[in-house]
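Please read the structure below before turning to the comments.
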2 protein chains.
Amino acid sequence: MRKVYTAATAAADVEAVFRLLEGRWKLVILFHLFGGQVQRFSDLEKLIPGISQKMLAQQLRQLEADGIVERKQYPQVPPKVEYRMTEWGQALCPALDSLLKWSEEKNMNKEDVIQKNMNRVGES
Amino acid sequence: MRKVYTAATAAADVEAVFRLLEGRWKLVILFHLFGGQVQRFSDLEKLIPGISQKMLAQQLRQLEADGIVERKQYPQVPPKVEYRMTEWGQALCPALDSLLKWSEEKNMNKEDVIQKNMNRVGES
DNA sequence: CAGTATCCTTAAAGATACTG
DNA sequence: CAGTATCTTTAAGGATACTG
């Protein structure tokens, strides 16, 4: 059974999702973890040019607190910490992909867009 | 043919989509227009408690500039202006719905989430 | 009715330096 | 290696008043 939404509640719930992902660096981090990669803190630092340690740590903390990524710390010196997607976080990937599909439709002609979305009705 | 993405470009493109929608009031406005409703400026003002004229006008301008909503002005006094979704804007609705589906999965158990996303593979 | 124009507040992000 | 702590900058949004 799907939840039932009014305009206000649908907007509020989508905004809640946005707030989970809105950080300046969260999406890059996620796309480096989608696909099952396991990355250390320093790996992500290298993969994401321009990010500061402060921001990387902050965004990871939030993603972890929100249940989107998982943090695994190995008790050794020097420290070793790994990050990976949670099951639920991984499920975000196809949802973001539908946003990418939409943005790709921008310069399609009307008939194509209508066609695409008629196909999409069959999904549910 | 789908566009090909790296982690960086996928993140950048999703961020671009977010920027289109991120305004404090944009989503509420959109959900009041999804479904084909045509709303006047004053209708939206009544439908969205707490919004100021400044913010309503600003968000509508941006949505219009981005090709998501359409503005139709009738040359009469007092003025009459109507807003509706564009074809492309309307196509955003199923994409946002997949975000809602994802957020609804939050408290499902592992097997359900895996199952849901295995089903989802069949879409493309 | 459908907007502008100004001024003000405040969170998010950046720069930089330091540490178990 | 994997972070904190602190200070500064900036842009989004709110309050309020005015208008063709």
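Labels below follow one simple rule: chain letters A, B, ... track the order of the sequence lines, proteins then strands, and each chain is numbered from 1.
- Within residues 9-19 of chain B, no residue places a heavy atom under 4.0 Å from DNA chain D.
- Contacts of residues 32-42 of chain A with DNA chain C (heavy atom under 4.0 Å): none.
- Glu82(A) places its CD atom 9 Å from the P atom of dA2(D), with the value rounded to the nearest Å.
- Counting only heavy atoms from C-beta outward, the side chains of Glu15(A) and Val28(B) approach each other to under 4.5 Å.
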Are Leu56(B) and Ile29(B) close enough, and set up right, to give a side chain to side chain contact (heavy atoms under 4.5 Å, CB included), and what steps lead you there?
-> CA-CA 9 Å; Leu56(B) 180 54; Ile29(B) 294 171; 3.8 Å; yes
Reading nucleotides 5-20 of chain C from the 5' end, what letters show protein touch, with B for base, S for backbone sugar-phosphate only, - for no heavy atom under 4.0 Å?
-> BB------SBB----B
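- More than 12 heavy atoms of other shown residues, nucleotides or ligands fall within 6.0 angstrom of atom NZ in Lys106(A).
- Distance Leu56(B) CG to dC1(C) P: 14 Å, rounded to the nearest Å.
- Between Leu60(B) atom CG and dT4(C) atom C1' the separation is 15 Å, expressed in whole Å.
- Here Glu82(A) pairs with Tyr74(A), Arg84(A) under the side chain to side chain donor-acceptor pair (under 3.5 Å) rule; sequence neighbours left out.
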Could you check Leu21(B) against Leu92(B) for side chain to side chain contact (heavy atoms under 4.5 Å, CB included), going step by step and ending with a plain yes or no?
-> CA-CA 10 Å; Leu21(B) 307 175; Leu92(B) 180 60; 3.6 Å; yes
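- Put simply, the side chain of His32(B) does not reach to within 4.5 Å of the side chain of Gln37(B), judged on heavy atoms.
- Using a 4.0 Å heavy-atom criterion, one finds that Tyr83(A) contacts the sugar-phosphate atoms exclusively.
- Remark: Arg71(A) engages Gln73(A), Tyr83(A) in a side chain to side chain donor-acceptor pair (under 3.5 Å) (not counting sequence neighbours).
- The shortest distance between side-chain heavy atoms of Ile68(B) and Met85(B) falls below 4.5 Å.
- Distance Lys46(A) NZ to dG3(D) P: 14 Å, rounded to the nearest Å.
- In this structure, Ile51(A) places its CD1 atom 14 Å from P of dA2(D), rounding to the nearest Å.
- Within the 3.5 Å criterion, the main-chain N or O of Val17(B) finds no donor-acceptor partner in the side chain of Ser103(A).
- Helical stems in DNA chain D, defined as runs of 3 or more consecutive Watson-Crick or G-U wobble pairs with donor-acceptor distances under 3.5 Å: C:1-20 with D:1-20.
- An OP1 or OP2 oxygen of dT4(C) is reached within less than 4.0 angstrom by a side-chain nitrogen or oxygen of Arg61(B).
- At least one side-chain heavy atom of Leu20(B) sits under 4.5 Å from a side-chain heavy atom of Trp102(A).
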Go through Leu99(B) and Asp13(A) one step at a time and tell me if the side chain to side chain contact (heavy atoms under 4.5 Å, CB included) criterion holds.
-> CA-CA 9 Å; Leu99(B) 289 181; Asp13(A) 283 15; over 6 Å; no
Derivation of the side chain to side chain contact (heavy atoms under 4.5 Å, CB included) call for Val69(B) and Leu30(B) = CA-CA 8 Å; Val69(B) 309; Leu30(B) 292 183; 4.0 Å; yes
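- In this structure, CH2 on Trp25(A) lies 14.5 Å from CD on Gln62(A), to the nearest 0.5 angstrom.
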